[in-house]
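All remarks here apply to the structure that follows.
Residue numbering restarts at 1 for every chain, and letters A, B, ... go by the order of the sequence lines. The figures here come from the full heavy-atom set of this structure, side chains too, leaving out hydrogens, waters and symmetry mates.
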There are 2 protein chains.
Amino acid sequence: MTRKLPDKTVERLSQYRRALLNTLSGGKHHIFSHEIANLLHITAVQVRRDIMLIGYTGTLRQGYDVNELIDIIGKIIDTREGQKVAVIGIGNLGRAIMGYFSGKRTRLNIVAAFDSNPDKTDKIYAGVPCYHSDKMMEIIKNESISIAVISVPGEFAEKVAEDLTMAGIKGILNFSPKPLNMPAHVYLQEFDMLTMLEKVAYFVKKS
Amino acid sequence: MTRKLPDKTVERLSQYRRALLNTLSGGKHHIFSHEIANLLHITAVQVRRDIMLIGYTGTLRQGYDVNELIDIIGKIIDTREGQKVAVIGIGNLGRAIMGYFSGKRTRLNIVAAFDSNPDKTDKIYAGVPCYHSDKMMEIIKNESISIAVISVPGEFAEKVAEDLTMAGIKGILNFSPKPLNMPAHVYLQEFDMLTMLEKVAYFVKKS
DNA sequence: AAATTACTGTTATTTTAATAACAATGTTAA
DNA sequence: TTAACATTGTTATTAAAATAACAGTAATTT
């Protein structure tokens, strides 16, 4: 549809949408670029530029129609049919992820969780069934799950990623501290909290 | 000491160090830039450039001395005295963070956790005492804790951040989906998993 | 009705990050 | 001994992101 948007713009679109949904439930139907900017603590130019990139245009002196903007963003970042997500590893982190998502109305559905510990499998967490890892490849394939969140300890991340790739996964969000290597057709986002905490420590030290 | 390094270089330094510690425990004492690069799945030039920026130099044809490099990175990202960290919000996420850290790093110590639920307070999690939020400001001040990890639900994040600021915090890692606004002297790193998952979904859709 | 104001949308510039190019040099091979 | 090689360190170039500058315009004020 639209040509590929800049990475950072996509991140902000997700945040705009959440902020706008909030705005809407507060009964506000129009919003200025500088108001959106304030909600996210960024600049108004940045907001207008992002909105320009997705091809929406507001009205002068009235700003943007909140509903329309939410819709447009949805058309860009959601698929019509929705996408299925699996969470691999039901430790604290895995459960946190599922908790964050449960009830959030979105086109991203967490439909399965996996763990290698039999005490944790065959149960429901935040509405999501947890299966044993042995069944992972099969279920991913059969259910055509396209996105996986890896929240297993570092030692297992690589093996999990390989299996996921073989099962045909399309995108991975990797919370483990082990950097992964994926074939080009699998989109990989690393998300490493140890690194981020050390980074904060560094900049605190500097300032 | 060194002048301020680029953001991304700092992130990678943290990852280099972890990879190098691994290498070392595997009994390897020298390493080439392309080997480090392979561990992180980035390019060798990137590695050499980062190492150049921190002012370390390897030896031709032998590569880098693993111990020395670990030390140098430590001098850059750690402080001599160490830094104290608090985790605010002991849900699944908070516990995941503490679990990841326990035992891992000596210079970055999680020394306190806080929660507003009395069922969770006055207990030890992963070796860290959890206090009631009422005591947060006092303890942060008295213990001179400089870094906070916010893992409370979005609704509470803003208030927590304000209190932390007043208590004199220097850096914040914000896991909540609510974007925060901090005075310039507080270093803020947002870390929003919903955004990241939606981003993965977008790029999966595009490819 | 003219000037001013408060916005949007777009282009231009700057900054930051990544990549490429290559010079320097000790090591090995011929 | 000379040529080829493997590796580092650095500068040059390109790409991505953020910021600044500004043109356009409907509403409001004078």
Distance check needed: [N] [atom2] versus [X] [atom1], whole Å only.
X: B:H30; N: C:dT27; atom1: NE2; atom2: P; value: 13 Å
X: B:M52; N: C:dC22; atom1: CE; atom2: C1'; value: 14 Å
X: A:Y56; N: C:dG9; atom1: OH; atom2: P; value: 9 Å
X: B:L53; N: C:dA18; atom1: CG; atom2: C1'; value: 12 Å
X: B:Q62; N: D:dT8; atom1: CD; atom2: P; value: 11 Å
X: B:L5; N: C:dT15; atom1: CG; atom2: C1'; value: 17 Å
X: B:I31; N: D:dA6; atom1: CD1; atom2: P; value: 19 Å
X: B:H34; N: C:dT19; atom1: NE2; atom2: P; value: 18 Å

Tell me whether the rings of A:F203 and B:Y187 are parallel (<30°), tilted (30 to 60°) or perpendicular (>60°).
parallel

Testing C:dC7, C:dA17, C:dT11 for proximity to the side chain of B:D7, the answer is C:dA17

Side chains of A:Q83 and B:K205: any donor to acceptor distance under 3.5 Å?
no

Are a donor atom and an acceptor atom from the side chains of B:S151 and B:R95 found within less than 3.5 Å of each other?
no

What does nucleotides 18-28 of chain D look like as a protein-contact string, B for base, S for sugar-phosphate only, - for none, at under 4.0 angstrom between heavy atoms?
SBBB--BBBB-

Has the side chain of B:T43 got a donor or acceptor atom that lies under 3.5 Å from a matching backbone atom of B:Q46?
yes

Ring pair (Phe, Tyr, Trp, His ring centres under 6.0 Å): pairs with one or both residues in residues 141-162 of chain B, sequence neighbours excluded
none

Is the ring centre of B:F191 less than 6.0 Å from the ring centre of A:F191?
yes

